[in-house]
S.K.: 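Mind having a look at this structure? Questions to follow.
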Amino acid sequence: MKTKSLFTGLALWLPLLLSAQTRLPDEIAYRIKDEAFNHSKIKETAQWMTDFMGPRLAASTNGLRAEILMEEKLAEMGFSNPRREFAMDFPKGGWDNEKSYVAMTSPYYTSFSATPKAWSGSTDGLVRGEVVYLQVEKEEDLNQYKGKLNGKIVLLPVTSEYRIDFEPLATRLTDEELAALAKDPRPEPAHQYRRRFNPLISKLNELLATEKPAAILGGDGTFNVPASRGVPYKAGDPEPAPEINLSIENHGRMARMAQKGIPVEMEIEIKNRFTPADTAIYNIIAEIPGTDPKLKNEIVMIGVHFDSWHGGTGAADNASGCLVMLEAMRILKELNLSPRRTIRIALWGGEEQGLYGSRGYAQHLLYDREEHQKRPGYDQFVLYLNMDNGSGRFRGIYLEENDMAFPFFRTWMTPFEASGFTTLSPQRTGSTDHVVFNMLGLPAYQFIQDELEYDRTYHTLMDTYERLSLDDLRLNAAMVAWFALNAANDNDRIPTKPGALEKVKNTGTR
C-alpha cells in the first residue's frame, strides 16, 4: 500500500517535474561573476561615457557626436552589426546651449549656477536690468503686468520651498520595503498618474509669450543645483524667450527681497543654437548572434535609454544603465558563451522627451499601431530587460503582473540571491522604455534598484561620474549577463500576455 502510494504520487508529479524551469549550470554563473568582479571594464567605460562623451540631449550636436562614438565602441568591442537605426522623426529639432551666464548684481554680486531650459531661446547679448517679480496667486493678478514685461527680466512666482529632510541622502531598500514590493496589489487597479491642468499657469504662459521678456527665471532644483528641463517647442515655431532654471534657494532669495521692496538687479547672457528641423531620433543596436539554427532569429534584448538632459553628463540617468548593458555583452563575448538565441543590445534615443526610440523600434519591427498588425519581430521577441533608476544595486525585478514570468525568474535568480536579489514583484512600474513593449503584451521588465542619491541628483548639474556606484554596476552587469544568457538558452520562453493586442487594438492601452 505504501509503495503504491509512492508511485501514484510520482505519476501525479511527473508532468510538473518535466515542465519545471531550468537554469544554466552554476559553473557558468561562477565564470560570469569572476569576469564581472575581477576583470571589469566598468570604470574605464564610465569615465569615457561621462567625462569624455558628456551630455546627450536628444538631437543635440553633442548627442549626435555621442551616438557616433557609441556605434564605434560597439564595433571595437566586436559585436555583430553595430548600427544607428532610425526610430522616429523628432518634431522639436536640435538644440544646443553654447553659453550661460547668470548673476545677481544688486544689492550685491552673486554668480548663480543656472541651466537654460532646452529648446528655449537666447538673450540679445548681455542683458542687464531690475528683476520684475510676478506676484500672482489668481488669474486677475496677471492684469497688472500686461504691457509691462517686454524686454524685462522676469522672475516667476515661487512654487516650492525647501524643507529640511532628516532622511539620509543615500539609501538602500529595506527588507520591509522589498516585502511590500513582493505583494500583489490586484485586484486593485494600478495607480494612474495624471498631470493636473493648472489654468493659472496656462494663462501666465500666454501672457509671457505675448509680452516677450528678455529672460524668464524660475526655481527648480535643490541644494543650490538647478534642474534640467525643456520648454514646449516645435521646429519652425518662433524662437521662445530664454527661460532659465535656478535652484529654488537662489530663486527664493531674489523673490523674498523683491517682495520686501528691495530692488534686485541682474545680468544675463544666454546663447542657444537651434539646428535643422529634419533631425531624427536614432537607436544604437548591436548583437551577439544566436547559434541554434531553429532559435537564432529569436531575440533576447537588453536595453536602456542613451539620451540624457543637458545639465550634467547623464551619469546616473542613464549612462549607468548603458554601462551595465555594455559590460554584460562584453562578459558574454569575452567568455565565448555562445547563446542559442540572439542577444541584442538596444540603446534608445529620445526617452526623456517621450520614449521616441523604443516607440519607433516597436512600430517598425514589432507591431504596426496604425494598421493593427503584428510585424515579424513580434513572435521573435523573447524577453526585454531594462535599467533606468540610477546606479543602485538590483534587488529584484518588476514583472508587470505577468504571472507566467515568475517560474522563469524564480529559477534563474538563485545564484544571485546571496547578493541581495531576492524580490520578484508582480507590480507594474512605469516611466521608461520597457512600458512600450509591455503594452503590447510582450515580456519586458524593469529592475528594482536601490535608489542611493538618485532623487536628489538626476536631471540636474550633479548627474556626473561621482553619482556612479561602480561596485553596484559590476554586480548588475553580472546579473544581466546571467539572465539574458538563460533566456537565450532556455527551451521555453515567457509567454506573452493573453489578449494584450486586442486591448491595444480596441482601447490603445494594455
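Here the structure is a predicted model, which is why all the values come from computation and not from measurement. Values reported hereafter were calculated over all heavy atoms of this structure, with side chains retained and with hydrogens, waters and symmetry mates removed.
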S.K.: Parallel, tilted or perpendicular: which fits the ring planes of Trp119 and Trp309, with parallel below 30° and perpendicular above 60°?
M.R.: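 Rings of Trp119 and Trp309: perpendicular, as their planes differ by over 60°.
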
S.K.: Does the pair Phe394 and Phe447 meet the rule for a ring-ring contact (aromatic ring centres under 6.0 Å, His included), with working shown?
M.R.: CA-CA 6 Å; Phe394 291 165; Phe447 288 99; 3.9 Å; yes

S.K.: Is the shortest distance from a Lys or Arg side-chain nitrogen in Glu327 or Lys41 to a carboxylate oxygen in the other one below 4.0 Å?
M.R.: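 Not counted as a salt bridge, because no side-chain N and carboxylate O are separated by less than 4.0 Å.
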
S.K.: Any side-chain heavy atom of Arg344 within less than 4.5 Å of one from Ile302?
M.R.: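 The answer is no, as the side chains (C-beta and beyond) never meet within the 4.5 Å cut-off.
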
S.K.: Taking all non-hydrogen atoms of both residues, which atom of Leu332 and which atom of Ala481 are closest, and how far apart?
M.R.: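 Leu332 and Ala481 have their closest heavy atoms at CD2-O, 3.7 Å.
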
S.K.: Given Val304, which partner from the list Asp388, Leu326, Leu347 fulfils the side chain to side chain contact (heavy atoms under 4.5 Å, CB included) test?
M.R.: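 Between Val304 and the candidates, side chain to side chain contact (heavy atoms under 4.5 Å, CB included) is satisfied uniquely by Leu347.
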
S.K.: Looking only at atom types and distance, does a side-chain atom of Asp307 sit under 3.5 Å from a main-chain N or O of Arg56, one as donor and one as acceptor?
M.R.: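 Pair absent, no side-chain N/O of Asp307 close to backbone of Arg56.
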
S.K.: I'd like to check Leu134 versus Leu149 (side-chain heavy atoms, cut-off strictly below 4.5 Å). Are they in contact?
M.R.: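 Leu134 reaches Leu149 side chain to side chain.
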
S.K.: Do Ser308 and Asn318 touch side chain to side chain, with heavy atoms closer than 4.5 Å?
M.R.: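 Side-chain contact under 4.5 Å: no.
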
S.K.: For the ring pair Phe437 and Tyr445, is the centre-to-centre distance below 6.0 Å?
M.R.: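 So the answer is no for these two rings.
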
S.K.: Whether Glu287 and Arg83 form a salt bridge (side-chain N of Lys/Arg under 4.0 Å from carboxylate O of Asp/Glu) is what I want to check.
M.R.: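 Yes.
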
S.K.: Would you please test Asp220 and Lys117 for salt bridge (charged side-chain N to carboxylate O under 4.0 Å, His left out) and show each step?
M.R.: CA-CA 11 Å; Asp220 191 357; Lys117 287 189 176 182; over 6 Å; no

S.K.: Flag the pair Leu204 / Leu156 as yes when at least one side-chain heavy-atom distance between them is below 4.5 Å, and no otherwise.
M.R.: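 Answer yes - side chains close enough.
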
S.K.: Flag yes if more than 12 heavy atoms outside Asn81 fall under 6.0 Å of its CG atom; otherwise flag no.
M.R.: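 Yes, because the 6.0 Å sphere around CG of Asn81 holds more than 12 heavy atoms from other groups.
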
S.K.: Using side-chain heavy atoms (C-beta onward) and a distance below 4.5 Å, is Ser247 in contact with Phe112?
M.R.: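 Result no, sub-4.5 Å side-chain heavy-atom pair not found.
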
S.K.: Does the gap between the ring centers of Phe306 and Trp348 come in under 6.0 Å?
M.R.: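 Ring centres of Trp348 and Phe306 not closer than 6.0 Å.
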
S.K.: Against the six-membered ring of Tyr454, is Arg456 placed for a cation-pi contact (under 6.0 Å from the centre, within 45° of the normal)?
M.R.: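 No.
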
S.K.: Do Arg229 and Thr115 pass the side-chain contact (heavy atoms from CB on, under 4.5 Å) test, and can you show the C-alpha distance, the side-chain angles, and the key distance before you say yes or no?
M.R.: CA-CA 8 Å; Arg229 310 288 184 202; Thr115 305; over 6 Å; no

S.K.: Under the side-chain contact (heavy atoms from CB on, under 4.5 Å) criterion, do Leu470 and Tyr465 qualify, and how do the steps go?
M.R.: CA-CA 10 Å; Leu470 299 181; Tyr465 175 85; 3.6 Å; yes

S.K.: Using the salt bridge (charged side-chain N to carboxylate O under 4.0 Å, His left out) rule, take Glu451 and Arg395 through it: C-alpha gap first, then chi angles, then the decisive distance, then the call.
M.R.: CA-CA 11 Å; Glu451 287 197 359; Arg395 307 297 302 279; over 6 Å; no

S.K.: For Gly430 and Val435, which heavy atoms make the closest approach, and how far apart are they?
M.R.: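 Minimum heavy-atom separation between Gly430 and Val435: CA-CG1, 3.7 Å.
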
S.K.: Backbone N or O of Leu126 within a donor-acceptor pair of the Thr123 side chain at under 3.5 Å?
M.R.: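 No; judged by distance alone, with no hydrogens or angles, the pair does not exist.
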
S.K.: Report yes if some heavy atom in the side chain of Arg330 is under 4.5 Å from a heavy atom in the side chain of Thr45; otherwise report no.
M.R.: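 Not touching, per the 4.5 Å side-chain cut-off.
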
S.K.: Evaluate the side-chain proximity of Ile268 to Ile244: yes if any heavy-atom separation is below 4.5 Å, no if none is.
M.R.: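 Contact flag for Ile244/Ile268 side chains = yes.
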
S.K.: Run Asp471 and Arg474 through salt bridge (charged side-chain N to carboxylate O under 4.0 Å, His left out) and show every step you take.
M.R.: CA-CA 5 Å; Asp471 285 342; Arg474 292 184 185 101; 2.5 Å; yes

S.K.: Could you tell me whether the side chain of Ser425 and the main chain of Leu181 form a donor-acceptor pair under 3.5 Å?
M.R.: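 Between the backbone of Leu181 and the side chain of Ser425 there is a qualifying donor-acceptor contact (under 3.5 Å).
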
S.K.: Applying salt bridge (charged side-chain N to carboxylate O under 4.0 Å, His left out), which residue pairs with at least one partner in residues 134-150 are found, sequence neighbours left out?
M.R.: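 Residue pairs passing salt bridge (charged side-chain N to carboxylate O under 4.0 Å, His left out), neighbours aside: Lys138-Asp141.
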
S.K.: If only atom types and distance count, is the side chain of Asp450 paired as donor or acceptor with the main-chain N or O of Leu452 below 3.5 Å?
M.R.: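 Answer holds: no.
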
S.K.: Checking Leu475 against Phe421 for the side-chain contact (heavy atoms from CB on, under 4.5 Å) test, could you report, in this order, the C-alpha distance in whole Å, the side-chain angles of both residues, the deciding distance, and whether it holds?
M.R.: CA-CA 10 Å; Leu475 178 58; Phe421 191 100; over 6 Å; no

S.K.: Please work out which of the three classes, parallel, tilted or perpendicular, describes the rings of Phe274 and Tyr233, given edges at 30° and 60°.
M.R.: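 Tilted.
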
S.K.: Is there a donor-acceptor pair under 3.5 Å between the side chain of Thr50 and the backbone N or O of Ala315?
M.R.: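 No, the answer is negative, given that no donor and acceptor are paired below the 3.5 Å cut-off.
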
S.K.: Could you check Tyr378 against Leu442 for side-chain contact (heavy atoms from CB on, under 4.5 Å), going step by step and ending with a plain yes or no?
M.R.: CA-CA 8 Å; Tyr378 187 94; Leu442 295 166; 3.7 Å; yes

S.K.: Taking the side chain as C-beta and beyond, is there a heavy-atom pair between Leu74 and Glu71 under 4.5 Å?
M.R.: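 Answer no - side chains too far apart.
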
S.K.: Is Ser120 reaching over with its side chain to a backbone N or O of Pro242, donor-acceptor style, under 3.5 angstrom?
M.R.: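 A pair under 3.5 Å: no.
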
S.K.: Is it the case that Tyr384 and Asn386 place a side-chain donor and acceptor less than 3.5 Å from each other?
M.R.: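 Yes - a donor-acceptor pair under 3.5 Å links their side chains.
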
S.K.: Just by modelled atom types, is the Gly357 backbone N or O under 3.5 Å from a matching donor or acceptor in the Asn283 side chain?
M.R.: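 Pair found, side chain donor or acceptor close to backbone of Gly357.
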
S.K.: Within 45° of the axis and under 6.0 Å from the centre of the six-membered ring of Tyr282, does NZ or CZ of Arg84 qualify?
M.R.: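 Yes; both conditions hold, so Arg84 lies above the ring face of Tyr282.
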
S.K.: Keeping the roles fixed (side chain from Gln363, backbone from Arg369), state whether a donor-acceptor pair exists under 3.5 Å.
M.R.: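 Checking the backbone N and O of Arg369 against the side chain of Gln363, a donor-acceptor pair under 3.5 Å is found.
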
S.K.: Would you say the side chains of His434 and Glu400 form a donor-acceptor pair under 3.5 Å?
M.R.: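 Yes, a side-chain donor-acceptor pair sits under 3.5 Å.
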
S.K.: Begin with the C-alpha distance, continue with both residues' side-chain angles, and end with the deciding distance and a verdict on salt bridge (charged side-chain N to carboxylate O under 4.0 Å, His left out) for Glu161 and Arg163.
M.R.: CA-CA 6 Å; Glu161 296 180 357; Arg163 292 287 184 269; 3.3 Å; yes

S.K.: With distance as the sole test, does Ser100 use its side chain to make a donor-acceptor pair with the main-chain N or O of Ile270 at under 3.5 Å?
M.R.: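 Not at all, since once roles are kept as given, no pair shorter than 3.5 Å links the two residues.
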
S.K.: Within the side chain of Asn62, is there an N or O that forms a donor-acceptor pair under 3.5 Å with the backbone of Pro55?
M.R.: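 Looks like yes, one N/O pair under 3.5 Å.
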
S.K.: If you measure only the distance, is there a donor-acceptor pair under 3.5 Å linking the side chains of Thr61 and Asp96?
M.R.: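 The answer is yes; a qualifying pair exists.
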
S.K.: Would you check if there is a donor-acceptor pair between the side chains of His39 and Glu334 at a distance under 3.5 Å?
M.R.: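 Side chains of Glu334 and His39: no pair found under 3.5 Å.
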
